[in-house]
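Data first, discussion second: the structure below is written as structure tokens.
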Amino acid sequence: MNTTVSCELHLRLVVSSESSLPVPAGLRYDTADPYAVHATFHTGAEETVEWVFARDLLAEGLHRPTGTGDVRVWPSRSHGQGVVCIALSSPEGEALLEAPARALESFLKRTDAAVPPGTEHQHFDLDQELSHILAES
């Protein structure tokens with residue numbers, strides 16, 4: 001049986017060193033895809049942007065800078081509060097988001113309760129994934 005862990009949080013899109021905009025976001029973790037966290041960023045009335053992150057990347061980013069290329073994550077402070085900075089890069093553009101560290105940590109602890117780190121392989125059905133990939137070809 002699959003378990004889903006989700007949370008809604010309010011991120012800040014950093015526009016400049018003095019300005020940021022609110023970005024509501026949803027995070028979803030499904031034990032059927034135990035290595036990934038799916039993020040939906042609400043960028044307009046009905047517009048969303050979807051990203052998929054490695055759960056380990058977000059967890060490590062709570063404590064130290066991590067990631068290369070399209071996604072980088074690091075801990076920081078903003079207005080006296082702990083935040084996790086998430087820098088995203090794609091052909092469509094770049095974004096720097098600040099997530100509340102406590103909310104992200106709480107979400108990740110709930111994912112750890114569903115699938116403890118290091119046991120993801122026990123929840124991953126390789127045969128099913130290969131069938132899915134081959135069916136798309």
Side-chain angles (χ1 to χ4, degrees):
M1 180 167 107
N2 292 336
T3 300
T4 301
V5 176
S6 60
C7 97
E8 298 292 322
L9 53 139
H10 296 279
L11 307 180
R12 302 293 304 173
L13 173 64
V14 178
V15 179
S16 71
S17 60
E18 296 86 29
S19 178
S20 64
L21 299 170
V23 177
L27 300 179
R28 185 178 48 79
Y29 177 79
D30 190 328
T31 58
D33 189 5
Y35 293 99
V37 170
H38 297 257
T40 302
F41 303 106
H42 302 278
T43 58
E46 295 192 25
E47 298 172 23
T48 61
V49 175
E50 306 276 335
W51 279 76
V52 179
F53 305 102
R55 178 174 68 158
D56 290 349
L57 178 78
L58 291 177
E60 188 173 336
L62 285 169
H63 307 288
R64 67 187 129 290
T66 188
T68 58
D70 295 347
V71 181
R72 292 176 291 120
V73 184
W74 65 94
S76 189
R77 296 196 69 72
S78 178
H79 305 290
Q81 300 294 315
V83 296
V84 176
C85 295
I86 303 170
L88 306 174
S89 178
S90 76
E92 289 79 31
E94 296 181 353
L96 175 58
L97 299 158
E98 293 178 344
R102 284 187 183 171
L104 184 58
E105 184 175 26
S106 175
F107 168 76
L108 289 169
K109 281 182 181 180
R110 291 188 297 132
T111 71
D112 290 352
V115 176
T119 67
E120 293 89 351
H121 66 282
Q122 297 172 4
H123 298 268
F124 190 74
D125 187 342
L126 183 58
D127 291 334
Q128 180 182 352
E129 290 300 317
L130 285 173
S131 295
H132 180 70
I133 290 169
L134 294 174
E136 291 178 356
S137 299

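These numbers were taken from a predicted model, which means no experiment stands behind them. Quick note: numbers below take in every heavy atom, side chains included, and nothing from hydrogens, waters or symmetry partners.
- Summarising the geometry of Arg110 relative to Cys7, their closest heavy-atom pair is NH2-CB, 3.4 Å, with the distance given to 0.1 Å.
- Within the model, atoms CD of Glu98 and CD of Gln81 stand 11.5 Å from one another, a figure rounded to the nearest 0.5 Å.
- Here NE2 of His38 is found 14.0 Å from CH2 of Trp51. Values are rounded to the nearest 0.5 Å.
- At a threshold of 4.5 Å between side-chain heavy atoms, the hydrophobic network of Ile, Leu, Val, Met, Phe, Trp and Tyr places Leu97 and Leu104 in one connected group.
- Remark: Asp70 engages no residue in a salt bridge (Lys or Arg N to Asp or Glu O under 4.0 Å) (not counting sequence neighbours).
- The two residues Ile86 and Ala99 have their closest heavy-atom pair at CD1-CB, 4.5 Å.
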Validation: residues 56-64 side-chain donor-acceptor distances under 3.5 Å, sequence neighbours left out:
none

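- The hydrophobic cluster containing Val71 also contains Phe107, counting ILVMFWY residues as joined when their side-chain heavy atoms lie under 4.5 angstrom apart, directly or transitively.
- In this structure, CD on Glu94 lies 9.5 Å from CG on Leu88, to the nearest 0.5 angstrom.
- Proximity of a side-chain donor or acceptor of Arg12 to a complementary backbone N or O of Ser20 within less than 3.5 Å is detected.
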Exercise for review: Would you check, one step at a time, whether the test side-chain hydrogen bond (donor to acceptor under 3.5 Å, both in side chains) holds for Arg55 with Thr111?
Suggested key: CA-CA 9 Å; Arg55 178 174 68 158; Thr111 71; 3.3 Å; yes
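- Within the 4.5 Å cutoff, side-chain heavy atoms of Tyr29 are placed close to those of Val115.
- Grouping Ile, Leu, Val, Met, Phe, Trp and Tyr residues whose side-chain heavy atoms lie under 4.5 Å apart, directly or via other members, places Trp74 in a hydrophobic cluster with Val14, Leu96.
- Applying side chain to side chain contact (heavy atoms under 4.5 Å, CB included) to Phe41 and the options Leu11, Thr48, Leu13 leaves one that passes, Leu11.
- Annotation for Arg102: atom CZ does not count as buried by contact number, only 12 or fewer foreign heavy atoms lying within 6.0 Å.
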